[in-house]
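Ligands are counted one by one from 1 in listed order, and the atoms in each one are counted from 1 as well. Sequence positions, counted from 1, serve as the residue numbers for this chain.
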Amino acid sequence: MVCGSKKKSYLKSQNLKIFGQGKVNGIVEISGAKNSALVLLVATLLTNERIILENVPRLTDIEKMENILKNLGVNLVDKNNKLEIDSKNISFKELPYELVNGLRASFFCIGALLSKFGEATVPLPGGCKIGSRPIDEHINGLKALGAEIIIEEGIVKAKIKGKKNKLHGTNIKLKCPSVGATETLIMAASLAEGRTIIENAAREPEVQDLCHMLNKMGAKIYNSGKQNIIIDGVNKLGGCTHKVIPDRIEAGTFLIAAAATSSTIRISPVIPNHLKAVINKLQESGSEITIKDNSITIKGKEIKGVDINTAPFPGFPTDLQAPFTALMTIANGESKITETIFENRMNHIHLLNKMGANIKLNKNVAHIKGVKTIKGMNLVGSDLRSSAALIIAGIIAKGISRVYGLEHLDRGYENFESKLKTLGIEITRELSIENLSEKEYKINPELEEIRHIKAA
Ligand code: EPZ
């Protein structure tokens with residue numbers, strides 16, 4: 001089980017020790033998608049009947065979302081990767097800041113709570129390491145659906161206007177295909193009166209998975225995965241059982257690790273259509289890829305430099321930009337990586353250069369000249385996906401690397417190091433207890449037993 005956030009300081013003192021120039025080989029099982037499971041958990045607020053969610057990844061972000069739902073009064077039975085959720089006794093209350101802070105997806109609750117209670121009070125999600133993360137699209141869309149919204153002292157207060165206590169369908173045109181805004185508005189519109197059309201909607205597989213589950217609950221949503229989503233509001237939503245789709249970002253991360261080590265692995269379960277842009281770029285850079293039903297086999301060969309521009313789905317996903325950049329550091333030839341989604345998602349570049357990569361960064365464009373090899377060293381990940389990129393760099397590098405900042409990694413990759421170990425990588429999670437202050441160390445007796453655990 002991943003350590004909960006209460007031992008956050010303890011997590012900071014952990015690192016992954018990686019012996020470089022490894023090869024991966026074998027089969028890796030892909031977990032359920034974090035960015036689907038999070039929004040599906042929010043959607044359970046829309047019904048008073050039981051929802052069973054299967055294939056839920058065990059991640060700290062999921063634990064945080066579970067705590068938020070429990071705080072609202074949701075009865076949640078956690079059977080490891082299967083959750084039984086019953087929201088019939090939830091009570092209206094403000095989402096507490098200490099629970100929502102650091103979990104942007106918690107803000108997506110606003111649409112569901114507004115539809116359920118006619119009002120919602122949710123703290124503003126802070127910006128984070130990768131960008132300012134505004135919520136104007138969420139706010140404008142909810143206003144168009146008939147909500148009155150006040151933002152004061154970092155708290156967003158939403159209330160349905162008029163006596164009906166129901167939102168009303170309308171046409172909404174998003175200025176950018178925001179995943180979160182599309183999801184917030186779909187949930188709000190599913191119980192509104194009349195038809196809502198969301199133009200320039202996000203088409204990501206996680207948005208489609210949300211629509212799939214809502215339709216199982218009785219919603220009337222059409223065209224998910226297309227540019228304009230249509231939602232005909234219904235009076236109530238029922239329960240259902242739903243299996244979370246496989247995590248395309250985890251899958252892509254392992255494909256990139258195989259390409260970077262010129263190795264052969266098979267990943268499954270996956271939905272190949274969710275990875276088209278990534279598969280195309282890996283093939284262009286020299287890997288051989290075969291697809292069979294719900295599995296993909298990659299044979300990494302010589303690596304050629306290729307250019308990528310991140311884009312909304314079905315384009316190349318921003319969440320795989322950092323891992324792909326790590327791959328390009330040792331490609332033959334030059335490559336250009338352009339991040340178009342987030343304004344500050346190049347934090348890994350300077351660390352890759354410290355390892356010996358040759359990258360010139362100009363705002364959000366990285367110009368990479370491939371080098372023969374990079375060298376292992378101590379590295380600190382600053383966000384979820386850059387941490388994954390540093391681990392790939394550690395696997396490529398000559399010598400030993402230690403990657404810190406595992407509190408980021410554990411947010412989004414289930415059992416990452418044990419999966420890599422199974423594939424043949426020499427990687428261990430090291431605890432450096434002495435980093436803990438005496439006070440912290442004494443408070444938590446559980447840490448006592450951890451002291452005796454040899455590094456895994
Ligand atoms: C989701 O974030 C994902 N998170 C992110 O994954 C992912 O990188 C992102 O979509 C893009 O695919 C979850 O699903 C929990 P956006 P989200 O709203 O919804 C701008 C990971 O590593 N924007 O699509 O917050 C925004 O500034 C995480 O797993 C507005 O301008 O992303 C950004 O430039 C990181 N106004 C762009 O849209 C708004 O109201 C895309 O953001 C909302 C967004």
Side-chain angles (χ1 to χ4, degrees), residues 31-43 57 59-62 64-65 68 100 102-111 122 124-144 149 151 156 172-188 198 200-210 244-245 247-253 274 277-278 310-323 338-345 347-348 364 381-389 408-414 416:
S31 301
K34 164 180 84 84
N35 290 346
S36 183
L38 285 170
V39 72
L40 295 174
L41 280 168
V42 173
L59 302 166
T60 50
D61 270 9
I62 298 292
K64 282 186 180 176
M65 185 61 86
I68 290 168
V100 303
L103 180 64
R104 178 176 171 85
S106 56
F107 188 72
F108 305 170
C109 293
I110 191 165
V122 183
L124 270 176
C128 65
K129 297 269 183 352
I130 63 176
S132 57
R133 314 297 292 273
I135 51 152
D136 54 315
E137 297 269 52
H138 300 244
I139 300 298
N140 296 338
L142 290 173
K143 283 180 176 170
I149 296 191
I151 301 178
V156 181
I172 299 167
K173 185 167 176 34
L174 296 179
K175 77 174 185 338
C176 70
S178 157
V179 170
T182 302
E183 291 168 344
T184 295
L185 299 174
I186 285 170
M187 288 187 278
I198 303 176
N200 195 25
R203 303 164 58 185
E204 272 68 6
E206 295 75 26
V207 178
Q208 297 181 50
D209 203 24
L210 170 66
V244 179
I245 54 172
D247 194 316
R248 63 193 170 103
I249 304 302
E250 182 196 20
T253 306
H274 293 172
V278 180
T310 61
F313 192 85
F316 191 96
T318 173
D319 294 345
L320 284 172
Q321 177 263 108
T338 307
E339 172 58 58
T340 70
I341 305 292
F342 290 109
E343 68 268 30
N344 187 28
R345 200 169 204 179
N347 304 317
H348 46 287
N364 269 0
S382 60
D383 65 77
L384 168 55
R385 306 305 174 179
S386 67
S387 300
H408 302 297
L409 189 82
D410 291 339
R411 288 184 46 215
Y413 288 93
E414 184 180 41
F416 196 51

Regarding Lys143 and Asp136, does a basic nitrogen lie under 4.0 Å from an acidic carboxylate oxygen? no
What's the shortest distance from atom 32 (O) of ligand 1 to any protein heavy atom, and which residue and atom give it? Phe342 CZ, 4.0 Å
I need the Asp319 CG to Phe342 CZ distance, nearest 0.5 Å. 7.0 Å
Tell me the protein heavy atom at minimum distance from atom 34 (O) of ligand 1, and give that distance in Å. Ile341 O, 2.5 Å
So the atoms of ligand 1 within less than 4.0 Å of a heavy atom of Lys34 turn out to be 21 (C), 29 (O)
Measure the distance from atom 8 (O) of ligand 1 to every protein heavy atom, then report the residue, atom name and distance (to 0.1 Å) of the closest one. Asp319 OD1, 2.6 Å
About how many Å separate CD1 of Ile172 and CD of Glu137, when rounded to the nearest 0.5 Å? 10.0 Å
Is there side-chain contact between Phe313 and Val207, with at least one heavy-atom pair below 4.5 Å? no
Run the contact test for Glu206 against ligand 1 with a 4.0 Å cut-off on heavy atoms, strictly below, and give the result. no
With a heavy-atom distance limit of 4.0 Å, tell me whether Glu339 approaches ligand 1 through its side chain, its backbone, both, or neither. neither
Of all the non-hydrogen atoms in the protein, which one sits nearest to atom 22 (O) of ligand 1, and at what distance? Arg385 NE, 2.9 Å
Glu206/Lys34 salt bridge by N-O under 4.0 Å criterion: no
Min over Arg133, Glu137, Glu183 of heavy-atom distance to atom 40 (O) of ligand 1 lands on Glu137
Report, in ascending order of atom number, the atoms of ligand 1 lying under 4.0 Å from any heavy atom of His138. 40 (O)
Which residue owns the protein heavy atom closest to atom 26 (C) of ligand 1, what's the atom, and how far is it? Pro134 CD, 4.1 Å
Any N/O pair Gly180/ligand 1 closer than 3.5 Å: yes
Using modelled atom types and a 3.5 Å cut-off, is there a donor and acceptor pairing between side-chain atoms of Ser386 and backbone atoms of Gly381? no
Ranked by distance from atom 36 (N) of ligand 1, the top protein heavy atom is Asp136 OD1, 2.7 Å
Using heavy-atom distances, let me know which of Cys176, Ala33, Pro177, Gly131 sits nearest atom 38 (O) of ligand 1. Cys176
Quick look: Val179 vs ligand 1, heavy-atom contacts under 4.0 Å, and the answer is both
Determine which pairs satisfy side chain to side chain donor-acceptor pair (under 3.5 Å) with at least one residue from residues 177-186, sequence neighbours left out, and list them in order. His138-Thr184
Write out the residue and atom name of the closest protein heavy atom to atom 18 (O) of ligand 1, then the distance separating them to 0.1 Å. Ser178 OG, 2.7 Å
Could you tell me which residues satisfy salt bridge (Lys or Arg N to Asp or Glu O under 4.0 Å) with Arg385, sequence neighbours excluded, listed by chain and number? none
So, does Asp209 use its side chain to make a donor-acceptor pair with the main chain of Ile245 at under 3.5 Å? yes
Within a strict 4.5 Å, meaning less than it, do heavy atoms of the Leu384 and Tyr413 side chains meet? yes
Flag the pair Leu142 / Leu185 as yes when at least one side-chain heavy-atom distance between them is below 4.5 Å, and no otherwise. yes
Checking a contact table here: which protein heavy atom is nearest atom 31 (O) of ligand 1, and how many Å away? Lys175 NZ, 3.1 Å
Looking only at distance, does Arg345 have an N or O less than 3.5 Å from an N or O of ligand 1? yes
Measure Glu343 to ligand 1 on non-hydrogen atoms and call it side chain, backbone, both or neither using the 4.0 Å cut-off. neither
